[in-house]
There are 2 protein chains.
Amino acid sequence: MHSQNLINVITDALPSLNKSETKVARVILSDPDAATSSSIASLAKKAEVSEPSVNRFCKRFNAAGFPDFKLKLAKSLASGIRFVNRNVDPDDEVSSYTPKIIDSTINTLALVRDKISHMRVNQVVDKLIQAKRIYFFGLGASGSVAKDAENKFFRFNLPVSSHDDVLMQRMLASTGSTGDVFFVISHTGRTKEVVEVAEIARRNGSTVIGLTAADSPLADMCSVTLDVDVPENTDEYMPMASRIVHLVILDVLTTGVTLRRGPDFLPHLEKIKDSLKPTRYKSES
Amino acid sequence: MHSQNLINVITDALPSLNKSETKVARVILSDPDAATSSSIASLAKKAEVSEPSVNRFCKRFNAAGFPDFKLKLAKSLASGIRFVNRNVDPDDEVSSYTPKIIDSTINTLALVRDKISHMRVNQVVDKLIQAKRIYFFGLGASGSVAKDAENKFFRFNLPVSSHDDVLMQRMLASTGSTGDVFFVISHTGRTKEVVEVAEIARRNGSTVIGLTAADSPLADMCSVTLDVDVPENTDEYMPMASRIVHLVILDVLTTGVTLRRGPDFLPHLEKIKDSLKPTRYKSES
DNA sequence: CTTTAATATGTAGTAAAATTACGTAAATTA
DNA sequence: TAATTTACGTAATTTTACTACATATTAAAG
């Protein structure tokens with residue numbers, strides 16, 4: 001199990017801290033990286049408190065002591081949401097915006113990893129296993145996610161298709177029936193067309209799975225929703241991370257389905273892999 | 001700048017270490033997480049060497065001393081490649097395969113972040129900026145990546161299209177000319193059709209950009225190649241990470257192009273964003 | 001095969017760091 | 001205002017890490 005980012009925890013707890021603890025917190029938050037490599041003495045001095053105060057502070061946040069606290073802090077800095085400004089700046093060079101964008105994606109994924117509901121994943125896998133037919137729907141950026149999903153689920157030897165055309169989606173939704181699964185992908189969950197399509201499908205007794213934002217109109221309409229709270233995009237230069245998250249969640253679902261199918265299914269996957277070989281140049285290894 | 005993962009560094013250095021250093025390395029590598037929270041004394045005991053040997057070991061890897069080493073190790077563990085077996089197991093539960101898949105994706109991205117050539121990114125951005133027209137080509141899984149790229153580059157107010165149909169690709173490639181950029185996406189870089197298409201485009205004087213594996217036939221054919229060495233997929237249950245990597249790299253390129261266009265271009269982006277508003281249900285916030 | 005030099009490893013002492021126990025001060029409540 | 005709780009610091013203790021030095025091991029040269 002992954003724990004939440006220490007820096008966020010401290011920030012959240014800030015109002016409930018007492019005088020000296022607040023002093024310590026401020027010093028740590030002002031430069032967390034420096035804190036990880038300083039001694040308890042120097043930190044106490046900087047915060048103008050005594051050494052035991054720092055120690056107590058650490059224990060308050062479930063650390064065994066100061067060294068353990070530093071360790072946890074260091075891990076937070078490396079993996080978690082970067083505390084410092086990680087937004088792309090108008091005068092950033094390649095060498096600075098490249099890691100920023102990748103880091104930001106990594107952070108989002110780490111967030112999803114810690115927050116995603118395993119129960120829901122299981123429910124969705126259930127529905128997908130039972131499906132006689134699967135339709136993946138998405139518009140705009142989610143269209144390519146749907147397309148990717150089609151590609152992946154094709155391997156399961158059952159009728160799959162993806163559609164990024166509203167009219168087509170409407171028609172399919174209205175002709176759907178029990179046994180059909182409509183997998184609707186939408187970042188916001190508030191695109192009218194998409195919500196309507198989900199409603200139509202639902203009315204016809206089909207299963208509707210949503211990969212979308214929590215508490216959105218689309219989420220309300222679905223049989224099961226895999227909701228992901230991808231932080232909103234504030235920076236003009238920062239790309240939308242939700243597509244990536246959706247793709248990775250679909251990876252998870254694919255794996256879930258594969259595992260449920262059991263080991264007897266593996267030869268089939270191999271066959272598909274092999275079928276592609278003649279289209280490729282041999283590797284010189 | 002990101003430094004390389006400490007665990008990898010130690011693994012690589014393993015053959016060049018002397019007896020006691022090897023012992024220390026083995027103990028650390030066998031359970032890096034435990035190492036981060038143990039004292040120099042207990043580690044020395046476990047490795048059956050003296051404390052100074054451990055200390056010397058740390059200094060060899062550019063740490064100030066043992067505590068500093070632990071810190072760096074902790075950071076490596078948090079961000080970098082998980083060392084322990086992170087493969088999906090046939091009897092994994094949702095709660096175990098979900099983080100495994102996400103972690104694996106994160107690790108791959110971290111690797112790309114540290115290895116990607118900024119010079120190449122710059123070169124590709126150059127070409128894209130100069131393009132009169134951009135075609136994104138991909139087959140299979142790369143088809144959806146191409147589609148996503150089209151979606152993103154559409155915002156730049158220049159003719160873009162994506163194609164996952166071989167015949168269409170051939171025709172377009174053969175009618176291309178200077179000023180046209182063909183952006184070819186392929187995981188392996190060895191699909192014959194794709195390589196041929198690249199060759200045709202190249203012969204006609206078009207610029208061909210490859211987002212593919214290094215040292216592949218496709219890479220050889222391109223004007224510029226953004227090569228990514230995504231580790232090969234060994235596990236049957238593990239999804240292919242290259243699609244994700246390609247998407248993120250396209251995010252980077254989009255940002256690169258946006259920045260080059262300068263701040264005058266931002267209002268245009270806003271306009272596109274606003275155009276979608278009427279299609280959405282209002283948020284209740 | 002010995003001698004010499006270099007490298008590798010360990011011992012013991014020293015310094016630094018962290019933790020604990022305890023006492024005093026401040027704040028809260030009755 | 002007294003009693004009680006909570007907050008904080010001092011000083012002693014313990015743990016931890018580091019340094020200087022000595023011994024052992026290995027490699028090289030005679």
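Chain A is the first sequence line, chain B the second, and so forth, proteins listed ahead of strands; every chain is numbered from 1.
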Classify A/K70 by what it touches in the nucleic acid, base, sugar-phosphate, or nothing, heavy-atom distance under 4.0 Å.
sugar-phosphate

Counting only side-chain heavy atoms from C-beta out, which of D/dC18, C/dG10, C/dA17 sits nearest to A/I40?
C/dA17

Check this for me: B/R260, atom CZ, are more than 12 non-hydrogen atoms of other residues, nucleotides or ligands nearer than 6.0 Å?
yes

Side-chain N or O of B/S50 closer than 4.0 Å to phosphate OP1/OP2 of C/dT11:
no

Taking C-beta and beyond as the side chain, do A/T36 and A/D33 meet within less than 4.5 Å on heavy atoms?
yes

Between B/K19 and B/G65, whichever has its closest DNA chain D nucleotide further toward 5' is B/G65

Taking only N and O in the side chain of A/S53, is any of them less than 4.0 Å away from OP1 or OP2 of D/dA7?
no

State whether A/N18 places a side-chain N or O below 4.0 Å from either non-bridging phosphate oxygen (OP1 or OP2) of D/dC8.
yes

Mind checking B/K59 for me? I need base, sugar-phosphate or nothing, with any heavy atom below 4.0 Å counting as a touch.
sugar-phosphate

Interatomic distance where CZ belongs to A/F69 and P belongs to C/dT19 [whole Å]
12 Å

Euclidean distance, atom CG of residue B/L71 to atom P of D/dT16 [Å, nearest integer]:
17 Å

What integer distance in Å separates B/F66:CZ from D/dT15:P?
17 Å

For C/dA18 and A/N55 - does any side-chain N or O of the residue sit under 4.0 Å from the phosphate oxygens OP1/OP2?
no

Can you say whether the rings of B/F61 and B/F69 are parallel (under 30°), tilted (30 to 60°) or perpendicular (over 60°)?
tilted

Out of D/dA20, D/dG9, D/dA17, minimum distance to the side chain of B/S39 belongs to D/dA17

Among D/dC18, D/dC8, C/dG10, which nucleotide has an atom closest to any side-chain atom of B/R56?
C/dG10

Rounded distance in Å - NZ (B/K23) to P (C/dA8):
15 Å

Length of the line joining A/D68:CG and C/dA18:P, which is rounded to integer Å
13 Å

Think B/S20 has a side-chain N or O under 4.0 angstrom from the OP1 or OP2 of C/dT9?
yes

Starting at CD of B/E51 and ending at P of D/dT15, how long is that distance when rounded to a whole Å?
14 Å

With a sphere of 6.0 Å drawn around NZ of B/K46, does it hold more than 12 non-hydrogen atoms of other residues, nucleotides or ligands?
no

C/dA17 C1' sits how many Å from A/L43 CG, rounded?
13 Å

Length of the CD-P vector between A/E48 and D/dG9, whole Å:
10 Å

Is B/R243 salt-bridged to B/D148, cutoff N-O under 4.0 Å?
no

